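Okay, so here's the structure we're looking at.
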Amino acid sequence: MLLVVLRCASADPIGQVKSVQGTVLLTRTAASAPVAVGLLLEAGDVLTTRAGSTCGLTLRDASRFALGPQSILVLEHFTWEAQGQTGTSRTQLTQGTAVISTGGIAASGVQAMQVATPRTVLVLGGTTIAVEVQR
Amino acid sequence: MSRARVLCVLLLLSACSRPRELVVLLPDTTGHGGQVTVTGVTQSVTLTKPLVASKADAHGKVTPGTVTPETVQAHFGAALGAVPPPRQTFVLYFQTGTTLAEASVADWRALVALLASRPAVEVTVVGYTDRVGSAADNDRLSLARAQEVLTLLAREGVALGLVHTVGRGERQLRVETADEQVEPRNRRVEIDVW
């Protein structure tokens, strides 16, 4: 029942899970369930990878995110307007490791693509970065 | 006993200043220059070269540094293995209306093969026209071209996770022309797959 609820995106999807290795959980409106490839993602979603697990996902502007083991990524905010190719996104890496590659949003405006960590804010411009957070 | 206690305190103090967060700019395979600005509690560090890094301590103080490829692999090897493939763009040309041009058949087959090989895919199909006809008609025609591509893909049995069709009409001409000038290179659909 929970899996069905998570697969039918009630809000506009902002992206999609592209790969899952091991155990990856999605938390949406206080409910958590395992993630499968193809799951549509919504703003507010939290992805958690367990030990030995990884997850790859893309967002609608073709930005790419990969989580290493024991990591938590929050998809805080995302807007994308395909006609004009503009938007903004903000995600948070709460713990663990991530590799992030920019897409259309970073190209569309200064400070348009942001990634937060517990202690810093990153602004990305047309690039690929690796981020690690130790609690 | 007291000496051991002093040693513990010193280790804790140095532990407070060890990096808690690390940001590394990775080599960019797209060939574009890239950068990231990391803003901590009071300062910012901007990274513009591959393997240049920013480290933040427990208090949010950020300092610049560099890392080796070995360090990158040790910290990020698992995540690097999970990065989805980069976006690919296909450009398909049309005869007048919504019929695919002969020269685009091979690219069409390559697109279909790529979509069949991916378990979950997102696609944006953007239609364009040349400057023959009114701007409003071309907006409609370009969207119709984009939607025709979707219909063709569905007929091929391709499962599409997320699809967006957009018609941009006479905007973003590949080849600049006078108004009402026929230009087959502008009659196209650009398909992004990621």
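Letters A, B, ... mirror the listed sequences (proteins, then strands); counts begin at 1. Because the structure is predicted, anything quoted here is derived from the model rather than measured.
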Task: Proximity breakdown for B:Val62 and chain A, heavy-atom pairs closer than 4.5 Å - done: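 For B:Val62, side-chain heavy atoms alone lie under 4.5 Å from chain A.
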Open item on the list: Please classify the contact of B:Pro85 with chain A as side chain, backbone, both or neither, using a heavy-atom distance under 4.5 Å.
Closed with: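 Contact with chain A is through the backbone of B:Pro85 alone.
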Task: Segment of A:Ile100 engaging chain B (4.5 angstrom heavy-atom cut-off) - done: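 It is neither, since no heavy atom gets under 4.5 Å.
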Task: Where A:Leu59 and B:Trp194 come nearest, the two heavy atoms and their spacing - done: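 Smallest interatomic distance, heavy atoms only, reads O-NE1, 3.1 Å.
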- [ ] List the atom of B:Pro84, the atom of A:Gly56, and the distance in Å for their closest heavy-atom pair.
- [x]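 So the minimum-distance heavy-atom pair works out to CG-C, 4.0 Å.
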Atom pairs and distances, donor-acceptor, side-chain atoms in residues 117-124 of chain B, under 3.5 Å, two or more places apart:
unit_1	atom_1	unit_2	atom_2	d
B:Ser117	OG	B:Leu114	O	2.7
B:Glu122	OE2	B:His164	NE2	2.8

Task: Neighbourhood of chain B inside residues 68-82 of chain A, taking heavy atoms under 4.5 Å as contact - done: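 At a heavy-atom separation under 4.5 Å, chain B is reached by A:Gly68, A:Pro69, A:Ala82.
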Task: Residue-level contacts of residues 15-25 of chain A with chain B, using a heavy-atom cutoff under 4.5 Å - done: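 Checking residues 15-25 of chain A against chain B gives A:Gly15, A:Gln16, A:Val17, A:Lys18, A:Ser19.
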TODO: Drop me the distance from A:Ile129's CD1 to B:Gln35's CD, to the nearest 0.5 angstrom.
DONE: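 So the gap between those two atoms works out to 12.0 Å.
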TODO: Give, for atom CD of A:Gln134 and atom CD of B:Glu21, the distance between the pair rounded to the nearest 0.5 Å.
DONE: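 If I round to the nearest 0.5 Å, the distance is 9.0 Å.
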Open item on the list: Through direct or indirect side-chain contacts below 4.5 angstrom among Ile, Leu, Val, Met, Phe, Trp and Tyr, which residues connect to B:Val166?
Closed with: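 Answer for B:Val166: B:Val126, B:Tyr128.
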- [ ] Considering only heavy atoms and a distance below 4.5 Å, find which of A:Gly38, A:Gly103, A:Ala106, A:Ala62 pairs most often with chain B.
- [x]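 Of the options given, most contacts go to A:Ala62.
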